[in-house]
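Working notes, structure below.
Sequence lines set the chain letters: A, B, ... in the order given, protein chains first and strands last, and positions in each chain run from 1. Values reported hereafter were calculated over all heavy atoms of this structure, with side chains retained and with hydrogens, waters and symmetry mates removed.
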Amino acid sequence: MTVETPIFEETPPQVEPARGAVDWARKNLFNNWYNSLLTLALAALVIWALVTLLRGLLSADYEIIRANLRLFMIGEFPGDQLWRPWAAAYCWALIIGVVGGSLAAGARDRATEAGLPYVRTTFRQIVIRSWPILVLIVVILSFTTTITPTLLTIGALAVGLGSYYLSQALPRAVRRGTWLIAIVLIAASYLVLAGFGGVGWQGWGGLHLNLFLTFAGILIAFPFGLLLAMGRRSSLPVIRTISVTYIEFVRGVPLIAVLIAGAFAIGFIIPRDIRPGFVTRMLIGIIAFEAAYIAEVVRGGLQAVPRGQVEAAQAVGLAPWKTMRLIVLPQALRATIPAMVGQFISLFKDTTLVAVLGITELLEATFVVNSQPAYLGKGLFVITLGFAALVFWVGCYTMSRESRRLERKLGVGER
Amino acid sequence: MTVTTDYSDATRATGEAIIELEGVDKFFGDFQALKDIDMRVGQQEVVVVIGPSGGGKSTLIRCINRLEKHDGGRVVVDGTELSDDLRNIQEVRRETGMVFQQFNLFPHLTVLDNVTLAPRQVRKMPKKDAEALAMQTLTRVKIPEQARKYPGQLSGGQQQRVAIARALAMQPKVMLFDEPTSALDPEMIKEVLDVMVELAHGGMTMIVVTHEMGFARAVANRVVFMADGEIVEVGTPEHFFTDPQEDRTKLFLSQIL
């Protein structure tokens with residue numbers, strides 16, 4: 001028998017390429033009578049839902065949001081002090097721009113040195129990447145009654161973008177000081193809000209408070225979580241037992257219970273004159289809670305670092321804490337990015353729980369406004385809740401997308 | 001090099017002893033991995049350790065830089081006896097370089113940073129000096145052009161040579177090799193062995209756990225055959241490959257040659 005068929009025969013494409021939309025629809029949607037019927041019925045349903053939604057959105061009276069926009073954004077901040085939140089917003093535009101630009105420049109330098117291709121982020125990509133935020137900004141601005149907020153927002157975006165590109169052009173030595181600049185700017189952003197007769201965080205509210213609780217919560221809980229995770233793996237029984245007990249206790253309690261305990265139980269323990277304010281207590285509760293969860297996330301990352309890495313570090317004479325700081329943690333934290341971002345997303349949403357104490361964060365504010373005399377009993381919850389939902393969705397979706405991007409980027413060339 | 005060795009005596013080394021093991025025992029639970037090991041390695045000596053897997057070869061060299069804690073006997077490296085004292089351990093580790101089967105390069109650091117890490121962090125060398133030294137050792141293993149890349153971008157053979165450079169950058173007095181070519185594709189084994197041969201010719205004291213009999217024949221001063229946690233036979237490469245005495249040695253050699 002002679003074998004004439006070559007082993008690697010070119011197989012013809014299994015699926016015939018669709019020649020056009022009409023062809024595709026005929027093949028997939030209308031290939032027999034009941035599929036055609038289903039297609040039509042479902043299409044009608046989808047169109048009806050869209051039309052209803054659009055009609056509702058267009059015909060709704062957004063006066064409730066327009067009148068209370070400031071409450072939603074910054075709570076009960078005094079109206080004659082509005083320059084303060086705006087100044088803080090400009091600080092943050094600068095922080096994001098400078099840190100982002102410096103990170104991008106660092107990635108560019110490392111890639112060039114390693115001989116890897118570096119694709120610089122174009123303006124168009126930045127716009128596409130941040131479309132949910134841009135949509136949200138447009139929606140919010142559409143509820144404003146004067147032109148000032150729009151102009152100020154455009155100014156803030158310009159400052160952010162400008163500092164992003166400017167900091168990329170800075171020499172390396174200056175960029176090393178980025179973290180210092182960021183810390184100074186963060187301090188400045190707080191000072192313009194609270195300093196010199198302003199309002200400290202006890203008086204904050206609205207979306208601003210949600211953001212503050214999220215970022216401050218993460219930032220402060222993170223080092224504690226790190227310590228707890230390392231404590232759980234410690235060879236000293238005392239430290240290990242304390243860490244495990246704390247982590248397992250906190251993980252067995254709902255956050256809302258921690259917050260309620262912080263609000264009411266503390267009142268009995270700490271004397272009135274040194275008792276911290278409500279928001280501080282909430283922040284402490286959030287930190288205590290998040291630290292335990294972050295510890296578990298970090299522990300997973302620590303376990304993902306192969307034993308050989310530690311041995312190699314030991315073999316060259318690296319001291320134990322340097323091995324942890326320079327070899328184990330950088331790899332462990334990289335491995336935990338998805339889980340960590342997941343944790344941050346749930347924290348962002350969980351900050352709404354401080355509402356149980358009557359603190360008017362965004363979600364609570366959307367309820368409160370419905371009992372204002374002008375809107376009482378008009379069933380405007382759909383509108384206000386929809387607005388809050390949009391804000392939270394934009395925040396969470398952006399975080400989730402950025403984390404996936406970061407994962408992909410870190411996977412390149414470094415594994 | 002003056003070599004005067006009584007090959008029947010495992011405890012006698014050439015020249016001045018730099019590594020001394022006396023009655024070393026090691027247990028993993030109930031399993032005894034090392035049984036009363038006596039061994040001395042002289043300066044500039046190349047000792048190749050062979051034997052079936054599970055025989056204690058890796059454990060033996062991992063006891064020399066305290067990656068494993070020995071349970072009995074004495075381990076003395078360059079005059080420092082290993083004990084629970086962390087300072088002694090650190091001192092020994094500074095003087096001994098180790099190369100692993102799985103390379104164990106730090107994946108989040110560039111090749112250059114992998115090599116400069118220990119000189120900078122342990123020897124407190126200024127960055128510039130450490131980088132000059134690193135380039136020198138990378139040149140020695142013939143890959144200076146890869147300095148700015150990450151380990152993941154290199155082939156297995158290149159990674160293992162970086163690992164050798166990383167160990168050399170600490171300017172150790174002893175190099176320990178734990179099956180350095182076992183995880184490599186066949187075509188890459190030679191480039192690593194070439195570097196090791198050059199090291200040996202350069203006068204480095206080396207203990208090499210390997211299955212590369214060609215390497216043993218070419219550069220070993222002594223070959224140590226280990227099985228079941230014991231040193232079974234010690235001798236020159238010629239002795240081993242022409243006239244092995246012990247039955248276990250003969251059986252092992254007949255299986256691999």
Side-chain angles (χ1 to χ4, degrees), chain A residues 103 105-118 172-173 176 234-236 298 301-337 340 406-415, chain B residues 58 61-62 64-68 86-87 89-124 145-154 162-163 165-172 175-176 178 183:
Chain A
L103 287 178
R108 178 194 62 202
D109 291 353
R110 275 198 305 280
T112 335
E113 276 180 357
L116 284 168
Y118 173 75
R172 233 183 183 178
R176 280 222 188 87
S234 167
S235 50
L236 299 172
V298 172
L302 290 176
Q303 275 163 354
V305 178
R307 173 106 198 92
Q309 290 291 308
V310 177
E311 288 184 350
Q314 287 175 337
V316 288
L318 225 55
W321 68 274
K322 275 191 176 170
T323 304
M324 182 50 92
R325 186 167 64 85
L326 298 170
I327 304 301
V328 179
L329 276 184
Q331 296 184 57
L333 294 184
R334 199 162 289 183
T336 61
I337 289 170
M340 202 68 90
L406 193 61
E407 257 177 84
R408 271 201 307 273
K409 221 168 75 181
L410 290 178
V412 175
E414 301 194 16
R415 268 279 144 203
Chain B
S58 288
I61 66 168
R62 287 163 64 88
I64 294 174
N65 67 351
R66 193 72 168 194
L67 286 185
E68 302 288 354
L86 191 64
R87 265 174 311 175
I89 297 175
Q90 295 294 75
E91 197 173 317
V92 167
R93 284 177 180 165
R94 278 198 295 271
E95 305 303 335
T96 48
M98 188 165 208
V99 176
F100 299 86
Q101 183 178 355
Q102 300 295 341
F103 328 140
N104 293 352
L105 292 177
F106 307 129
H108 61 300
L109 300 177
T110 62
V111 166
L112 190 66
D113 289 340
N114 263 278
V115 181
T116 56
L117 182 79
R120 288 183 65 189
Q121 298 293 336
V122 182
R123 292 231 190 272
K124 310 285 176 210
E145 73 281 1
Q146 312 284 0
R148 300 284 176 183
K149 289 194 182 166
Y150 285 92
Q153 295 170 273
L154 306 182
V162 172
R166 176 175 69 181
L168 286 177
M170 281 297 280
Q171 297 168 315
M175 285 282 283
L176 308 172
D178 189 0

Provide the closest heavy-atom pair for [X] versus [Y] in the form atom of the first, atom of the second, distance.
| X | Y | value |
| --- | --- | --- |
| Arg93(B) | Gly317(A) | CB-CA, 3.9 Å |
| His108(B) | Pro330(A) | CD2-CB, 3.5 Å |
| Pro107(B) | Gln331(A) | CG-OE1, 3.3 Å |
| Val122(B) | Val316(A) | CG2-O, 3.8 Å |

Heavy atoms of other groups near Arg176(A) CZ, more than 12 under 6.0 Å: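 Atom CZ in Arg176(A) is not packed in, count stays at 12 or less.
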At a 4.5 Å cut-off on heavy atoms, which part of [X] comes close to chain A: side chain, backbone, both, or neither?
| X | result |
| --- | --- |
| Gln121(B) | both |
| Leu112(B) | neither |
| Phe106(B) | both |

Top contributor to chain A contacts, counting heavy-atom pairs under 4.5 Å, from Met98(B), Glu91(B), Arg123(B), Arg62(B): Arg62(B)
Most chain A-contacting option - heavy-atom pairs closer than 4.5 Å, from Thr96(B), Leu105(B), Leu86(B): Leu105(B)
Student check: side-chain heavy atoms of Leu109(B) and Leu326(A) closer than 4.5 Å: no
Heavy-atom side-chain proximity of Gln102(B) to Pro306(A) below 4.5 angstrom: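 Result no, sub-4.5 Å side-chain heavy-atom pair not found.
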Approximate separation, where rounding is to 0.5 Å, of Arg148(B) CZ and Thr112(A) OG1: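 The OG1 atom of Thr112(A) is 11.0 Å from CZ of Arg148(B), to the nearest 0.5 Å.
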Expected output: side-chain Gln314(A) to main-chain Asn65(B) donor-acceptor under 3.5 Å: no
Asn104(B) (side chain) donor-acceptor with Gly308(A) (main chain) under 3.5 angstrom: yes
